[in-house]
Amino acid sequence: MQNLTIAVAKGRLQTEALDLLARAGLSVSSAMLSSRRLAVEDESGRYRLIFVKPGDVPIYVEHGIADCGVVGRDVLLESEADILQPLSLGIGRCRMVVAAPSETPLSGYRALRVATKYPRVTARHFGSRGLSVEIIQLSGSVEVAPQLGLADCIVDLVETGTTLRENGLRIVEVIAESTARLVINRASYQLKAEAVGHLIDSLSEIVDQGEQT
Ligand code: PRP
């Protein structure tokens with residue numbers, strides 16, 4: 001079977017993604033995983049894993065540097081990459097929400113200032129409601145922006161809700177539910193059909209088992 005390169009989103013998804021891939025038959029030593037290497041081979045030599053920022057996973061996959069990727073739906077909603085999304089992996093469950101300080105009503109603004117890592121999703125969301133907003137693009141720690149006066153509200157991910165709560169924010173609206181997806185490069189899907197098909201089948205089986213328990 002052909003070799004596959006898989007791009008894995010670093011950060012919140014990484015541990016769960018590696019666990020899932022290990023159950024699908026990829027075997028990477030813990031020494032390799034605990035190293036700072038950003039590209040490692042599995043023991044069979046058939047898989048190479050690359051660890052990149054979540055927002056870069058669709059880029060590596062679209063350009064064919066990685067055949068496949070594991071990344072959150074939140075990132076894919078923001079991305080314009082032309083890639084296949086054959087499988088929801090059931091890990092990394094979270095919600096993308098509009099959140100605001102508890103005491104602040106979200107009406108009466110001429111243009112709401114919204115801080116986010118997701119400018120396209122935010123523009124689409126408020127645009128579809130006919131609201132004009134000023135989008136302030138940040139790279140992280142978005143929840144701190146309202147209390148510092150940078151923004152009136154935020155669009156960000158919520159998992160447990162702790163970060164919102166501890167920063168005096170409440171959910172105003174849920175924009176989307178998100179879980180991790182397996183994504184595939186269009187050419188790899190054709191040219192490496194056997195290996196890609198094998199990976200999809202192995203992962204689907206594990207996801208199905210998880211849904212039944
Ligand atoms: C994510 C997200 C929220 C937080 C939500 O941040 O952007 O800040 O986790 O989790 P919670 O609801 O369980 O508190 P991440 O840790 O990915 O870092 P970031 O600040 O770079 O976005």
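These numbers come from a predicted model, not from an experiment. Read the numbers this way: they start at 1 and go in the same order the structure lists the ligands and their atoms.
In this view, Arg124 and Leu77, Arg120, Val121 satisfy the side chain to side chain contact (heavy atoms under 4.5 Å, CB included) rule, not counting sequence neighbours. Residues passing the side chain to side chain contact (heavy atoms under 4.5 Å, CB included) test with Asn185, sequence neighbours excluded: Val61, Ala187, Ser188.
Looking at heavy atoms from C-beta onward, Glu159 lies in side-chain contact with Arg12 at the 4.5 angstrom threshold. Residues Leu164 and Ile154 meet the side-chain proximity criterion, which asks for heavy atoms closer than 4.5 Å.
Within 4.0 Å of ligand 1, contacts by protein heavy atoms are made from Arg12, Lys117, Gly140, Ser141, Glu143, Asp156, Leu157, Val158, Glu159, Thr160, Gly161, Thr162, Thr163.
Cluster annotation: Val183 is not connected to Leu199 through the hydrophobic network of ILVMFWY side chains, with a link wherever side-chain heavy atoms come within less than 4.5 Å.
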Donor-acceptor contacts under 3.5 Å from residues 24-40 side chains, at least two apart:
| unit_1 | atom_1 | unit_2 | atom_2 | d |
| --- | --- | --- | --- | --- |
| Ser27 | OG | Glu43 | OE1 | 2.8 |
| Ser29 | OG | Met32 | N | 3.2 |
| Ser34 | OG | Ser30 | O | 2.9 |
| Ser34 | OG | Ala31 | O | 3.3 |
| Ser35 | OG | Met32 | O | 2.6 |
| Ser35 | OG | Arg37 | N | 3.2 |

